[in-house]
*Asks:* 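Right, I'll just put the structure down here and ask away after.
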Amino acid sequence: MTFKPNVPQPSDYMSSSQIDLLRNNTTIEQVFNVNHVPMTNSLDEDRGKHKCVSFISQASDPTTTTQERAVYTKDDSGVPNLFMRGPSDGTVSKLTKDNAWMAVLKVLAYVTFDKNGNILKDPYGTQLSYNVASVTPGAIAAAPFRFDNYTITYENALPTDNYFWNISPQFGPLIQGNVVDQTKPVTVTPTVNAVYTDSVSTAFIKLSGYTVSSVSNVSIGRIATMKVVIYGLAT
Amino acid sequence: MTFDPTKPQSTDFISDSQPVLLSNNQQLNTVFDVDHLTYNASANRGKHKKVTLRSQGSDSSTDSPPTRENEYAMFTLQDGSDTEIYLRGEQNATAFQATRNNELFMRVYPVFAINMDNSDASNPIPSGSASVFSSYNLNNINRLSGSSASFQFNFTNPVLDSSGVATNNYLWTANCFHQSSSNPSIAQVPPSGTYSTVVGNNFIRIQCINQNGTLLTNIRRLVVICWKFQ
């Protein structure tokens, strides 16, 4: 049904225009209802609001005047993504990529676990992890400096092994020989390995705790909890 | 041309109402066309070309539109002189800012990141070097101590505060992967009596040392992320 914007003309008879006006009203209602709460909605206060916003990809960035910001989609290498433009034809920023918010870095995985490799939960019972299948503790290393080994296995393989990691450990008391020693600084890094991908791969990351001490005697320590976040570039 | 919603009245002659009805129809078509696919679009009628959000004010506590149960609102407010997107959950939840300075408002935002190894002996190491595996906002890398893993990472764009002024008040994390030693390896900003000599608005210095404070050479990966508060 076609909307006719140029009716009625001054020379039109109402009997002729009536059908056009009726069809126009029908078209307005049908088209408006696609994304908006209908004008005939039973609740006055809901009429005109949006049910959803479906964006049709634009060929170019829209114009904007002062004190307004536009949100739209544009072809992005064959894929429509959400963009926004600031006031007065301001900066154009991409908002989405690969079905996620377009941040510089995106979280590929994260996990919080205890010394036994148990993934912890928040007070509401939600597991504190994303894209992590398991955390497997290794044998407590009696090697100089090194203690506590963990293998974090991802649920879904990461797109690259050239990712960024952020490790936040919290340590319990270190045990040097039979003496509890909390004076030595400690650090956690990917486990030393001759081959990078034996410790950092698309399927897992292996971490070890190390005592930072000039004395290379055996130190056995325990990680109490550890938080690990894996980031990848969003672009 | 203005839209007159009061026409026609029951006492109006159609001949008098005709111009207004015509004008109204034209207005409906024109106004709807601003953000939507038009009534006569060949496909996707009623969907959006864009959503242009006019500023509703400047105070999120008083100017945010009301929301009822099971609805979510997106709108704009002034943040200083900037027009930014805000969101408000159902039942008049506290509105929160969604964009700032043409970026998604994440509270903390990365300004630099790198994943590299120590295999390129150049000085400076270019951003396109094969030893740089992933990076963001990297211009190039200066070696600070021979072949040791001690670097100054120079940013392409400086870190800016919320007012657009260059700043070195940002956060960083650094960690490294060691290939062949049982010694612990620590990645850190080098000790310095002056903060700005190791942390600048357009660079940061990172060194990798062992438990004795000795600079390491066989670092196979160094990962650094710098963050700013938005």
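Note that the coordinates shown come from a computational prediction; the quantities given were computed from them, not determined experimentally.
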*Asks:* Is the shortest heavy-atom distance from the side chain of B:Q26 to the side chain of A:N6 under 4.5 Å?
*Replies:*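 B:Q26 vs A:N6: side chains touch.
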*Asks:* Is A:I56 close to chain B through its backbone or its side chain, or both, or neither, when contacts mean heavy atoms under 4.5 Å?
*Replies:*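 Both backbone and side chain.
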*Asks:* Would you name the heavy atoms of A:T191 and B:F177 that are closest together and state the gap between them?
*Replies:*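 Result for this residue pair: O-CE1, 2.9 Å.
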*Asks:* Can you tell which part of A:S168 gets under 4.5 Å to a heavy atom of chain B, answering side chain, backbone, both or neither?
*Replies:*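 When you check distances to chain B, no heavy atom of A:S168 falls under 4.5 Å.
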*Asks:* Between B:I14 and chain A, which part of the residue has a heavy atom less than 4.5 Å away: side chain, backbone, both or neither?
*Replies:*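 It is the side chain, since no backbone atom gets that close.
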*Asks:* Starting at CG of B:L37, measure out to OG of A:S54 and round the result to the nearest 0.5 Å.
*Replies:*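 Output value for this atom pair is 10.0 Å.
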*Asks:* Output the distance between atom OG1 (A:T187) and atom CD1 (B:I186), rounded to the nearest 0.5 Å.
*Replies:*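 The CD1 atom of B:I186 is 6.0 Å from OG1 of A:T187, to the nearest 0.5 Å.
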*Asks:* Report the option among B:A187, B:P110, B:A43, B:S81 that has the most heavy-atom pairs separated by less than 4.5 Å from atoms of chain A.
*Replies:*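 Counting heavy-atom pairs under 4.5 Å, the top option is B:P110.
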*Asks:* Can the ring centres of A:F164 and B:W227 be said to be less than 6.0 Å apart?
*Replies:*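 Between B:W227 and A:F164, which both carry aromatic rings, the centre distance is not below 6.0 Å.
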*Asks:* Where does A:V195 contact chain B at under 4.5 Å (heavy atoms): side chain, backbone, both or neither?
*Replies:*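 Only the backbone of A:V195 comes within 4.5 Å of chain B.
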*Asks:* Check each atom of A:N193 against the heavy atoms of chain B and say whether the ones under 4.5 Å are side chain, backbone, both or neither.
*Replies:*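 Both backbone and side chain.
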*Asks:* Rounded to the nearest 0.5 Å, what separation is found between the CG atom of A:N35 and the CG atom of B:D35?
*Replies:*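 A:N35 CG to B:D35 CG: 11.0 Å, rounded to 0.5 Å.
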*Asks:* At their closest point, which heavy atom of B:K49 faces which heavy atom of A:Y72, and how far apart are they?
*Replies:*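 Closest pair (atom of B:K49, atom of A:Y72, distance): O-CB, 3.6 Å.
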*Asks:* At a heavy-atom distance under 4.5 Å, which candidate from B:N210, B:V51, B:L21 has the highest pair count against chain A?
*Replies:*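 Ranked by contacts with chain A, first place is B:V51.
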*Asks:* Looking only at heavy atoms, which two atoms of B:N25 and A:V7 are closest? And how far apart?
*Replies:*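 Looks like ND2-O, 2.7 Å.
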*Asks:* If I measure from the heavy atoms of chain A, does B:I225 come under 4.5 Å with its side chain, its backbone, both, or neither?
*Replies:*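 Contact with chain A is through the side chain of B:I225 alone.
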*Asks:* With a 6.0 Å cut-off (strictly less than), is the heavy-atom count around NZ of A:K227, excluding the residue itself, greater than 12?
*Replies:*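 No, the 6.0 Å shell around NZ holds no more than 12 heavy atoms from other groups.
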*Asks:* Under 4.5 Å from any heavy atom of chain A, what part of B:S135 do you find: side chain, backbone, both or neither?
*Replies:*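 It is the backbone, since no side chain atom gets that close.
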*Asks:* What's the verdict on side chain to side chain contact (heavy atoms under 4.5 Å, CB included) for B:V223 and A:Y163, showing C-alpha distance, side-chain angles and the deciding distance?
*Replies:* CA-CA 8 Å; B:V223 169; A:Y163 47 75; over 6 Å; no
*Asks:* As an exercise: rank A:V53, A:T2, A:T27, A:I167 by heavy-atom pairs under 4.5 Å with chain B and give me the winner.
*Replies:*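 Ranked by contacts with chain B, first place is A:V53.
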*Asks:* Where does A:P8 contact chain B at under 4.5 Å (heavy atoms): side chain, backbone, both or neither?
*Replies:*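 Both parts, backbone and side chain.
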*Asks:* Please find the pair of heavy atoms, one from B:C176 and one from A:P190, that lie closest to each other, and give the distance.
*Replies:*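 Shortest heavy-atom separation between B:C176 and A:P190 comes out as O-CD, 3.6 Å.
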*Asks:* A:H50 and side chain to side chain contact (heavy atoms under 4.5 Å, CB included): which single residue from B:H48, B:E71, B:M74 fits?
*Replies:*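 Option passing the side chain to side chain contact (heavy atoms under 4.5 Å, CB included) with A:H50: B:H48.
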*Asks:* Considering only heavy atoms and a distance below 4.5 Å, find which of A:Q30, A:R85, A:Q58, A:M14 pairs most often with chain B.
*Replies:*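 Ranked by heavy-atom pairs under 4.5 Å with chain B, first place is A:Q58.
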*Asks:* Just so I understand: if I count every heavy-atom pair under 4.5 Å between each of B:T52, B:N175, B:L53 and chain A, which residue has the most?
*Replies:*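 Of the options given, most contacts go to B:N175.
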*Asks:* If you count heavy-atom pairs within less than 4.5 Å of chain A, which of B:R220, B:E84, B:M106, B:E103 leads?
*Replies:*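 Answer, by heavy-atom pair count under 4.5 Å with chain A: B:E84.
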*Asks:* Rounded to the nearest 0.5 Å, what separation is found between the NE2 atom of A:H36 and the CZ atom of B:F32?
*Replies:*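 Reported value, rounded in 0.5 Å steps: 5.5 Å.
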*Asks:* Nearest heavy-atom pair of B:K50 and A:P62: which atoms, and what distance?
*Replies:*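 Closest approach of B:K50 to A:P62, heavy atoms only: CD-CB, 3.3 Å.
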*Asks:* Identify which part of A:L82 has an atom lying under 4.5 Å from any heavy atom of chain B, answering side chain, backbone, both or neither.
*Replies:*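 Contact with chain B: none, neither part.
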*Asks:* Counting only heavy atoms not in B:Y72, do more than 12 sit closer than 6.0 Å to its OH atom?
*Replies:*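 Correct, the count exceeds 12.
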*Asks:* Based on non-hydrogen pairs under 4.5 Å, which of A:L21, A:N166, A:V31 is most in contact with chain B?
*Replies:*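 Looking at each of A:L21, A:N166, A:V31 in turn, A:V31 comes out on top.
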*Asks:* With a 4.5 angstrom heavy-atom cut-off, could you sort out which part of A:Q67 is near chain B: side chain, backbone, both or neither?
*Replies:*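 When you check distances to chain B, atoms from both the backbone and side chain of A:Q67 fall under 4.5 Å.
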*Asks:* Looking at B:R100, I'd like to know if its CZ atom is crowded, meaning that more than 12 non-hydrogen atoms belonging to other residues, nucleotides or ligands lie closer than 6.0 Å.
*Replies:*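 Yes, because the 6.0 Å sphere around CZ of B:R100 holds more than 12 heavy atoms from other groups.
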*Asks:* Would you say the side chain of A:W165 lies within less than 4.5 Å of the side chain of B:T173, judging by non-hydrogen atoms?
*Replies:*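 Not in contact.
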*Asks:* Could you go through A:Q9 and B:L22, starting from their C-alpha distance and side-chain angles, then the distance that decides it, and tell me whether this counts as side chain to side chain contact (heavy atoms under 4.5 Å, CB included)?
*Replies:* CA-CA 7 Å; A:Q9 292 294 318; B:L22 174 63; 4.0 Å; yes
*Asks:* Could you check which of B:L28, B:N137, B:I114, B:T76 has the highest count of heavy-atom pairs closer than 4.5 Å to chain A?
*Replies:*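 Max contact count across the listed options: B:I114.
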*Asks:* Measure the CG-CD1 distance between A:L95 and B:I85 for me, rounded to the nearest 0.5 Å.
*Replies:*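 Between atom CG of A:L95 and atom CD1 of B:I85 there are 6.5 Å.
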*Asks:* Can you check whether A:M84 reaches B:T99 side chain to side chain, under 4.5 Å on heavy atoms?
*Replies:*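 Of all side-chain heavy-atom pairs linking B:T99 with A:M84, at least one is under 4.5 Å.
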*Asks:* I'd like to know if the side chain of A:S93 reaches the main chain of B:N102, judged simply by a donor and an acceptor atom lying under 3.5 Å from each other, with no hydrogens or angles considered.
*Replies:*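 Confirmed, A:S93 side chain pairs with B:N102 backbone.
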*Asks:* By a 4.5 Å heavy-atom criterion (distance strictly below it), what part of B:S134 contacts chain A: side chain, backbone, both, or neither?
*Replies:*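 For B:S134, the contact with chain A is made by backbone and side chain together.
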*Asks:* Give a yes or no answer on whether the side chain of B:N40 reaches the backbone of A:F3 with a donor-acceptor pair at less than 3.5 Å.
*Replies:*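 The answer is yes, because a donor-acceptor pair under 3.5 Å joins these two groups.
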*Asks:* Measure the OH-CG distance between A:Y231 and B:N115 for me, rounded to the nearest 0.5 Å.
*Replies:*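 Separation between the atoms: 14.5 Å.
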*Asks:* Hey, which residues of residues 37-49 of chain A are touching chain B, say heavy atoms under 4.5 Å apart?
*Replies:*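 Expected list: A:L43, A:E45, A:D46, A:K49.
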*Asks:* Walk me through it: do B:R221 and A:N162 pass the test side chain to side chain contact (heavy atoms under 4.5 Å, CB included)?
*Replies:* CA-CA 9 Å; B:R221 290 297 172 114; A:N162 293 324; 2.6 Å; yes
*Asks:* Where do A:R69 and B:T83 come nearest, in terms of heavy atoms and distance?
*Replies:*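 So the two residues come closest at NE-O, 2.7 Å.
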